[in-house]
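Every chain is numbered from 1, with letters handed out A, B, ... down the list of sequences. Everything numeric here is computed off the predicted structure, so don't read it as measured data.
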Amino acid sequence: MAHISCMTEPKAVIFNIQKYSIGDGPGIRTTVFFKGCPLRCLWCHNPEGLYKEIEVGWHMKDCVKCLACIQACPQKAISLKEDRILTDRAACNACGKCVESCAFGAREMIGECMTLGQVLDEVMTDRLFYQFSGGGVTCSGGEALMQADFVTALFKALKERDIHTTLDTSGFGGWPEFCRVLQYTDLVLFDLKHMDREAHLRLTGQEVEPIHKNFERLARMDIPVFVRVPLIPGYNDDEENIEATAAYAAGFPNVKKVELLPYHSFGEPKYAMFNERYELSGLGTVEEAQMIKLKKIVGRYTSTE
Amino acid sequence: MRIPLSNRLKNRQFVLYDDRKLDVVDQETTRFPLPVRRALAEKLLLRQVPIRILDGERIAGLRPVMSMPNYALEGEKEWAWNVARLTPDICYGHNSPNYWMVLEKGLSGLVAEIDGYQKTETDTEKRIYREAMKIAAQAVIEYAARYAEEAERLAGEEQDEKRRQELKELAGICRYVPANPPRSFHEALQSVWFTFSVLRITGHTLIQLGRFDQYMRPFFEKDIREGVATEADIRLLLEDFWIKCCMTDYLIPNQNAGVSPTNADMTENSMTVYRGTGTGEESGLQETGTNMILGGVNSEGVDATNRLSYLCLEIAGDLRTRDPIVSVRLHRNTPASFIIKACEVVSKGSDMPAFYNDEVVIPALEHVGVSAEDARNYCNDGCIEVYPQGKSQDRNIAIWVDSHKCLELALNNGMSYRRGITTQHIQVLRDIYATYLMDGEAQGPATGTPESFETFEQFFAALKAQIAFEAQRQIRLSIETDKYIDKIAPSPLASVMLEGCIASGKDHCAGGAKYNNTGTTLRGLPNTAEAVAAIKKLCFDERLISLAEMVDILKNNFKGRDDVRKLIAGCPKWGDNNDSIDGIMNDIAQAWFDEIDRHRNNRGGRFKAGLWSTANDHAGAIAGASADGRFAGEPTSTNLTPIHSNKGPTSYLNAAGKIDYSRCANSVSVDLHLMPDAVDTPEKQEKLAALIKAYFAMGGFSLALNVVNPQTLKQAQKRPDEHKDLLIRVHGYSAFFVTLSQEYQDLLIRRAGGEPDVHNTDNDA
């Protein structure tokens with residue numbers, strides 16, 4: 001597995017810089033997606049953000065099975081199994097030879113090691129749009145806190161340029177790192193995926209306590225927070241959990257609202273890129289009526305919009 | 001009883017009429033000068049056109065396009081054909097009459113004005129032409145009287161008391177306008193409709209409504225102030241007007257109509273007027289291109305957005321008819337609420353309104369000689385060209401230069417590639433652009449073989465020379481046509497309603513209007529810029545391929561050279577906000593402006609440079625493969641829309657904002673495609689408003705927004721290469737539509753309110 005040295009100057013592995021983001025904080029924003037996440041949520045819609053390392057994705061739709069990639073790979077990491085091209089994650093060093101070799105655009109590098117200067121240049125191109133809309137930059141992922149030093153440096157540079165900063169986080173990470181980022185953060189979008197300890201562990205692969213601890217520490221810093229709950233039908237959209245979440249969140253004055261984000265299945269096709277199975281295949285979205293009901297419950301505690 | 005709007009929007013009517021081509025040429029008229037005969041033909045046509053007042057209608061007048069009675073003598077026709085391939089049927093169209101003038105003076109007032117000029121006029125030609133205009137103006141008054149009689153007749157038969165009163169009122173209105181200055185909003189609306197529809201009937205295409213919220217404003221405010229009407233009353237009238245605009249009256253020979261007429265007899269010579277409404281996508285009817293533009297500054301430069309502007313926007317959003325096509329004008333003092341209201345209408349998915357930037361459009365018009373005061377009264381045309389409303393005959397689409405074709409010539413010493421153009425393409429070309437030569441023939445100057453270019457600059461200069469040469473060639477042709485058009489196809493009717501023609505005593509095609517510019521456009525610019533950028537990178541900067549080899553590859557339509565197409569794919573793309581290609585784009589645009597600026601037409605006007613395109617399939621058909629990766633004959637890009645970029649709206653607008661449009665007086669079209677969920681909440685609509693404001697602050701000229709409908713998504717499923725920019729956005733997630741599996745694409749099509757096609761599974765790839 002490739003380990004990119006990010007020691008000399010601030011660098012980060014980023015898998016997407018999305019302009020005109022209009023769902024991740026105020027105004028027109030650019031969202032920087034950091035690669036790597038400590039959680040393994042069953043419903044994850046950005047599986048390309050799970051591993052910190054640069055990877056190679058495979059698009060079955062475009063692949064004609066010419067096997068040029070297999071021949072091109074110096075690591076012998078690629079193989080054909082039935083009708084699928086498999087890449088051995090451990091053997092791949094993301095050299096990109098297979099991507100170059102593919103004439104059909106079926107192989108794609110996922111993630112790029114970018115310097116602070118590069119990211120800053122890219123996000124600053126939209127400054128006029130931020131200015132007219134009250135927008136700015138959002139760091140998301142994966143989990144941006146896994147590359148906290150870079151996020152801190154980026155946010156610091158943005159604050160020097162008077163750009164609004166938003167951190168979109170699962171809240172899972174070391175507090176010292178989190179705290180450094182928060183020095184330059186205007187708004188936090190904080191996911192609360194499940195209130196129950198056991199359920200949280202089962203659904204996300206991580207304990208909920210460290211997340212709540214960070215949430216409570218954050219409250220003491222008086223940084224505005226929008227709590228976001230991805231509503232996964234049958235997993236965390238029961239009234240009990242939503243009420244518990246709303247009641248917990250509303251207890252902190254820095255929480256400005258609790259947004260309910262209905263599940264969507266658009267992440268599923270991305271799993272095929274890595275020959276991975278999507279656990280929630282076939283799951284439908286939240287019923288409109290249930291959505292209204294849950295919003296009402298949250299509305300008893302705090303704002304939902 | 002008032003018929004519900006929804007029913008009226010579905011209205012289908014068949015009106016039979018006498019379709020014989022009449023003739024005004026007889027023993028007596030032969031001795032009349034041609035303009036007088038033409039005026040008599042216009043008059044005869046307005047007598048021939050069928051009239052019909054539909055149930056519940058409070059604004060009267062059909063607008064079928066009729067065939068003009070013959071008015072030219074055989075010798076005149078032969079002469080016109082011989083000198084410039086002209087016929088009596090041709091017309092410039094693409095214009096707007098001066099509604100202010102008609103409303104302020106009435107046609108009787110204009111007739112009196114003609115009489116005034118005639119008292120001291122000594123020039124015979126001008127005397128004759130003014131008499132012709134007088135005949136035409138009176139013909140319109142007479143035409144309105146036919147409707148007055150019809151309304152009276154219907155009132156006599158009407159059982160419902162309320163409707164009888166309405167019809168009586170309508171009769172009174174049609175007696176009064178457009179002869180006289182209207183006394184109420186209702187009269188003004190009828191006057192505007194007559195002014196508009198008689199031009200349409202007499203064959204003038206793409207006649208515009210323009211600044212409706214400005215010339216109607218005094219009547220609106222007066223009626224409200226004096227208590228003559230409430231806003232609700234006005235709204236009902238406006239809805240009637242909207243329905244008039246969206247009803248497409250066009251002729252279908254009865255045997256092809258596919259339905260039987262429900263009334264009257266059919267004769268061999270009669271056809272049906274099929275009245276359909278262009279509502280929604282399901283109607284599939286041809287749109288008529290009737291434009292209205294709201295908001296903006298007044299002639300003093302002060303914000304003129306008013307309550308009527310909002311009302312019109314609301315109606316456009318509620319009815320979502322294809323016509324009138326509504327645009328809005330923005331400037332630095334436009335009320336924020338107006339922009340947000342416009343964005344709300346955008347979200348409803350009828351591709352309206354488009355946005356124009358007063359801060360850039362007005363100076364661009366001043367650049368071609370329009371006074372500041374008149375430039376501030378600009379409106380848009382049936383496409384997107386701009387001109388001072390009611391004061392100009394700008395011949396807006398006279399010249400189309402194909403930049404990608406010029407690039408081909410620059411790469412081949414002034415000659416078309418021998419290969420790559422199919423016989424079918426040649427036929428298209430011969431049909432549409434008879435002026436272009438074909439296939440291997442010299443079309444441009446010999447600007448050098450590929451081997452002769454030592455530097456990129458030399459090659460780029462050759463491209464500019466080819467563009468300049470083609471512009472000059474077409475400009476000469478257009479000037480030649482301009483010399484004769486009024487001699488065979490004048491229009492006293494169009495002239496009398498256009499400011500300047502009465503005073504000058506000249507036809508609108510002969511420089512009679514106050515402004516007489518000629519519109520041009522440069523097509524295929526994104527393709528050309530990407531091709532130039534690729535050539536610069538591959539052939540000059542990195543020297544991976546020699547220019548001569550590249551030309552060979554292009555001549556062979558990339559055959560066996562996928563490797564080169566792959567290299568091209570890695571070159572800078574338009575829309576990515578890449579300074580290198582954006583610079584090339586701007587350089588070509590400025591060279592184009594330089595060339596166009598040099599010329600004057602023979603009607604006392606200048607040439608207006610534009611950057612937009614239409615008929616992209618034909619534009620593509622005439623050219624061989626290009627170094628942007630386009631295969632021979634493939635369509636070129638639409639307007640300035642990115643071909644390969646998928647970096648989203650801000651990136652595209654940042655790029656488009658780098659072009660200096662200050663001399664782009666014939667408009668530029670930048671269009672954005674948005675998924676419905678990008679504008680589905682008030683918060684997102686506010687963000688869209690900010691996007692537009694930011695782009696206009698950069699110096700953007702105009703912006704068209706298209707909220708993608710299910711049909712477009714289905715097209716994208718079939719032709720993914722043309723729809724790479726459709727971005728799906730959910731919080732914290734994004735993907736491009738075309739990269740999704742069919743199942744997910746279908747899901748999105750359903751979410752956009754459509755039903756996915758049944759896919760043939762054998763043919764899935």
Side-chain angles (χ1 to χ4, degrees), chain A residues 16-31 33 44-46 48-49 59-62 64 100 102-105 108 122 125-135 138 140-142 168 189 191 228 230 259 261-270 272-273 284-285 305, chain B residues 339 562-563 565-566 569-570 576-579 646-655 657 672 674 677-698 720 727-735 737-745 747-748 751 764-765:
Chain A
N16 190 10
I17 295 184
Q18 182 190 289
K19 306 286 178 69
Y20 200 60
S21 285
I22 51 177
D24 299 309
I28 295 171
R29 312 192 70 82
T30 298
T31 304
F33 291 90
C44 180
H45 62 194
N46 287 334
E48 73 274 43
H59 300 288
M60 190 176 187
K61 225 164 101 165
D62 300 317
V64 300
E100 273 170 40
C102 181
F104 304 92
E108 184 192 358
E122 190 64 42
T125 56
D126 277 5
R127 63 190 171 279
L128 209 55
F129 296 103
Y130 310 149
Q131 187 190 316
F132 275 84
S133 66
T138 300
S140 180
D168 181 4
L189 308 178
D191 279 12
R228 310 215 290 181
E259 288 179 293
L261 311 177
Y263 170 79
H264 64 84
S265 53
F266 295 116
E268 178 169 0
K270 293 183 184 175
M273 232 172 15
T285 193
E305 301 292 338
Chain B
I339 310 178
D562 282 348
D563 58 326
R565 285 195 87 231
K566 214 176 157 195
D576 280 358
N577 190 28
N578 170 309
D579 282 340
N646 55 13
K647 290 203 173 168
T650 57
S651 175
Y652 172 30
L653 295 182
N654 270 324
L672 269 187
L674 301 166
D677 61 5
V679 286
D680 61 359
T681 65
E683 194 193 338
K684 289 178 189 169
Q685 289 156 18
E686 248 175 74
K687 292 181 182 185
L688 180 63
L691 181 82
I692 298 163
K693 280 196 261 186
Y695 175 56
F696 281 4
M698 288 175 205
L727 195 55
I728 316 301
R729 278 161 207 285
V730 193
H731 49 88
Y733 166 92
S734 77
F737 180 82
V738 298
T739 63
L740 296 175
S741 69
Q742 184 195 297
E743 189 189 350
Y744 284 91
Q745 290 177 344
L747 191 62
L748 284 162
R751 275 187 14 177
D764 220 31

Heavy-atom proximity to chain B below 4.5 Å, by part of A/C102:
backbone
Nearest 0.5 Å, what's the CG-OH distance between B/L672 and A/Y20?
8.5 Å
Quick one: does B/N654's side chain have a donor or acceptor within less than 3.5 Å of a partner on A/T125's backbone?
yes
Chain B contacts, top residue of A/D126, A/T138, A/L189 (heavy-atom pairs, under 4.5 Å)
A/D126
Mind ranking A/A272, A/G27, A/P26 by heavy-atom pairs under 4.5 Å with chain B and telling me who comes out on top?
A/G27
Minimum heavy-atom separation for A/E100 to B/K566, with atom names?
O-NZ, 2.7 Å
By a 4.5 Å heavy-atom criterion (distance strictly below it), what part of B/D562 contacts chain A: side chain, backbone, both, or neither?
neither
In short, A/F129 meets B/Y695 closest at the heavy-atom pair CE2-N, 4.3 Å
State whether the side chain of B/K687 and the backbone N or O of A/I22 hold a donor-acceptor pair below 3.5 Å, judged by distance alone.
yes
Answer with side chain, backbone, both or neither: which region of A/S265 has an atom nearer than 4.5 Å to a non-hydrogen atom of chain B?
both
Spacing of B/T650 atom OG1 and A/R127 atom CZ [to the nearest 0.5 Å]:
12.0 Å
Taking every non-hydrogen atom, the tightest pair across B/A694 and A/L128:
O-CD2, 3.7 Å
